[in-house]
Amino acid sequence: MKKKSMLALAVAGALGLGILPPAANAVSTREIEQKQNEVNSLRSKRSDVEQKINEAQKTIESLRSQQTQVANDIEKLNAAIEETSGKIRNVSKNIDETERAIEKLKQEIAEIQERIEKRNEILKARMRSLQESGGAVSYLEVLLGAQSFSDFIDRMSAVTTIMEADQQIIREQEADKALKEKKETELTEKRNKLQADLQELKQLQAELAAQLEQKNRLMADLKRKEQEEHDHKMALEEEKELIAKQEAAVKQQLAELERQKRAEAEAARQGGRTYSQPNSGTPSGGSTPPVSSGAFTRPANGPITSGFGYRFGGTDFHPGVDIGKRAPVVPVVAAADGVVFRSYYSSSYGNVIFVSHVINGQTYTTVYAHLEARLAGEGQRVRKGQVIGYMGNTGRSFGPHLHFELHRGGWNVGKTNAVDPRGYIAF
């Protein structure tokens, strides 16, 4: 946000309001036309900024609409994740129940296996008996050894019973084997299916969580963009305000030029000319620095405590000079004739005044920061050496001092026009 505010100042500084021509020079029609062109240019710039503000508002509304859609998507994803988590709990519960059933089945299978093994022993014994007695022939010998028909019937019934018993054992054995295999297969398949369902649900849960994370990142990005657009819009609104103020100041200058032009014409008609210099005011509030000859004078009394250029091992560029405070009250004066185009409180500069100068056709900008008080308002013309404030410790300052900048051209956020004031002023 601070950079956005400074950007607005950069536009204002770059436009550079010129001071009125000295009284010694006659006001030309070209000067009036140039001022009128400047008014038209500022009006056009203000219109462009208004259009950008409208575009920024549309972008903000679009971002808010996207946020609403993303919020709905997030709500649906949360509901889907909750539903999937419920299914996972149910499947996990079924798996636990199946595992308990498997444990119970293992006991049943063990019992079946025990019966199977016992029958195996019986069948083995029967087989050994048959082998030792000659197999099926022994049944024939039993029947032929009957002493009477009645004995034959009894023997035949006994043989049939034994054979049926053997076959029953075999049938039961086969049935138990089939039952065991069926139960093992059934529970294995059920457990495998539940495991597959659980894996599928966990995969779905992971996918939903990934989508939710993506949506949350998108939401954060949209909110960040909206905040940036809000900051951009605020900077544009500040820029619009600055341009409007400059436009009013230039109109005032234009009116003054036209008044001077009329006065000159009237003076020429009467054979002479008159022009009253604006009152620069009497410096007050303590010792003011003497007004030196040349284009600029020093803005305040006091030693240079920090010079122009890189400092702190080359990590920080200082675009001006700092003048230390060595008295309870130290007045700050305008370094040259000019027009105040910005006078306000900045979070970084504190109480700060920006003055635009035109000297020998070249635009300069001076900055007076960390002031305790500001005595010059926006649009005000100031004279070289006129008190415009008092040295202070406001804003991002670590001790009472004046931070003074001199720019050859307009002020910009990159401070690319900053020059060393010591090359222009004898401190």
Would you call [X] and [Y] a side-chain contact if the rule is heavy atoms closer than 4.5 Å?
{"X": "His230", "Y": "Ile60", "value": "yes"}
{"X": "Val352", "Y": "Tyr345", "value": "no"}
{"X": "Trp411", "Y": "Asn417", "value": "no"}
{"X": "His407", "Y": "Val419", "value": "no"}
{"X": "Glu378", "Y": "Phe354", "value": "no"}
{"X": "Met391", "Y": "His370", "value": "no"}
{"X": "Lys384", "Y": "Val291", "value": "yes"}
{"X": "Asn216", "Y": "Ile74", "value": "yes"}

Handout entry: Arg326: partners by salt bridge (charged side-chain N to carboxylate O under 4.0 Å, His left out), with sequence neighbours left out
Key = none

Completion exercise
Sequence neighbours excluded, the answer for salt bridge (charged side-chain N to carboxylate O under 4.0 Å, His left out) partners of Lys415 is Glu405

So how far is it from [X] [atom1] to [Y] [atom2], rounded to the nearest 0.5 Å?
{"X": "Leu218", "Y": "Lys225", "atom1": "CG", "atom2": "NZ", "result": "8.0 Å"}
{"X": "Glu228", "Y": "Leu63", "atom1": "CD", "atom2": "CG", "result": "10.0 Å"}
{"X": "Ile388", "Y": "Ile353", "atom1": "CD1", "atom2": "CD1", "result": "4.0 Å"}
{"X": "Thr185", "Y": "Lys182", "atom1": "OG1", "atom2": "NZ", "result": "10.5 Å"}
{"X": "Leu236", "Y": "Asp48", "atom1": "CG", "atom2": "CG", "result": "11.0 Å"}
{"X": "Phe427", "Y": "Ile323", "atom1": "CZ", "atom2": "CD1", "result": "5.0 Å"}

Taking all atoms of both residues into account, what is the closest heavy-atom pair of [X] and [Y], and its distance?
{"X": "Phe404", "Y": "Ile425", "value": "CE2-CD1, 3.8 Å"}
{"X": "Pro421", "Y": "Val321", "value": "CD-CG1, 4.0 Å"}
{"X": "Met219", "Y": "Ala71", "value": "CE-N, 3.5 Å"}
{"X": "Val382", "Y": "Ala334", "value": "CG2-CB, 3.9 Å"}
{"X": "Tyr390", "Y": "Pro331", "value": "CD2-CA, 3.7 Å"}
{"X": "Ala418", "Y": "Pro319", "value": "CB-O, 3.8 Å"}

Exercise for the section: Quick one: do Val333 and Gln386 satisfy side chain to side chain contact (heavy atoms under 4.5 Å, CB included)? Show the steps, please. Expected result: CA-CA 5 Å; Val333 303; Gln386 177 182 337; 6.0 Å; no

Completion exercise
Residue pairs meeting side chain to side chain donor-acceptor pair (under 3.5 Å), one or both in residues 65-79, sequence neighbours left out, come to Ser62-Gln66, Gln67-Glu226, Gln69-Asp73, Asp73-Lys215

Show me the side-chain donor-acceptor pairs of residues 81-89 shorter than 3.5 Å, one per line, residues at least two apart or across chains.
residue : atom : partner : partner atom : Å
Thr84   : OG1  : Ala80   : O            : 2.8
Ser85   : OG   : Ile81   : O            : 2.8
Ser85   : OG   : Gln205  : NE2          : 3.0

Problem - Close aromatic pair by centroid cut-off 6.0 Å: Tyr349 and Tyr344 - result: no

[Y] backbone acceptor or donor facing [X] side chain under 3.5 Å:
{"X": "Thr365", "Y": "Gly409", "answer": "yes"}
{"X": "Thr59", "Y": "Glu55", "answer": "yes"}
{"X": "Thr297", "Y": "Gly385", "answer": "no"}
{"X": "Ser343", "Y": "Ala376", "answer": "yes"}
{"X": "His357", "Y": "Asp337", "answer": "yes"}
{"X": "Lys233", "Y": "Lys52", "answer": "no"}
{"X": "Asn412", "Y": "Thr416", "answer": "yes"}
{"X": "Ser47", "Y": "Gln51", "answer": "no"}
{"X": "Gln380", "Y": "Gly377", "answer": "yes"}
{"X": "His401", "Y": "Gly399", "answer": "yes"}

Run the side-chain donor-acceptor check on residues 192-202: report pairs under 3.5 Å with partners two or more places apart or on a different chain.
residue : atom : partner : partner atom : Å
Asn192  : ND2  : Thr188  : O            : 3.2
Lys193  : NZ   : Asp197  : OD2          : 3.1

Handout entry: N-O pairing of Asp221 and Arg224 below 4.0 Å
Key = yes

For residues 298-310, run the donor-acceptor check on the side chains, cut-off 3.5 Å, and write out each pair with its distance to 0.1 Å, sequence neighbours left out.
residue : atom : partner : partner atom : Å
Arg298  : NE   : Ala300  : O            : 2.8
Arg298  : NH2  : Ala300  : O            : 3.1
Arg298  : NH2  : Gly302  : O            : 2.7
Asn301  : ND2  : Ser287  : OG           : 3.2
Thr305  : OG1  : Asp322  : O            : 3.4
Ser306  : OG   : Arg311  : NH1          : 2.7

Problem - Ring geometry between Tyr364 and Phe296 (parallel below 30°, tilted from 30 to 60°, perpendicular above 60°) - result: perpendicular

Handout entry: Gln214 atom CD: more than 12 heavy-atom contacts under 6.0 Å
Key = no

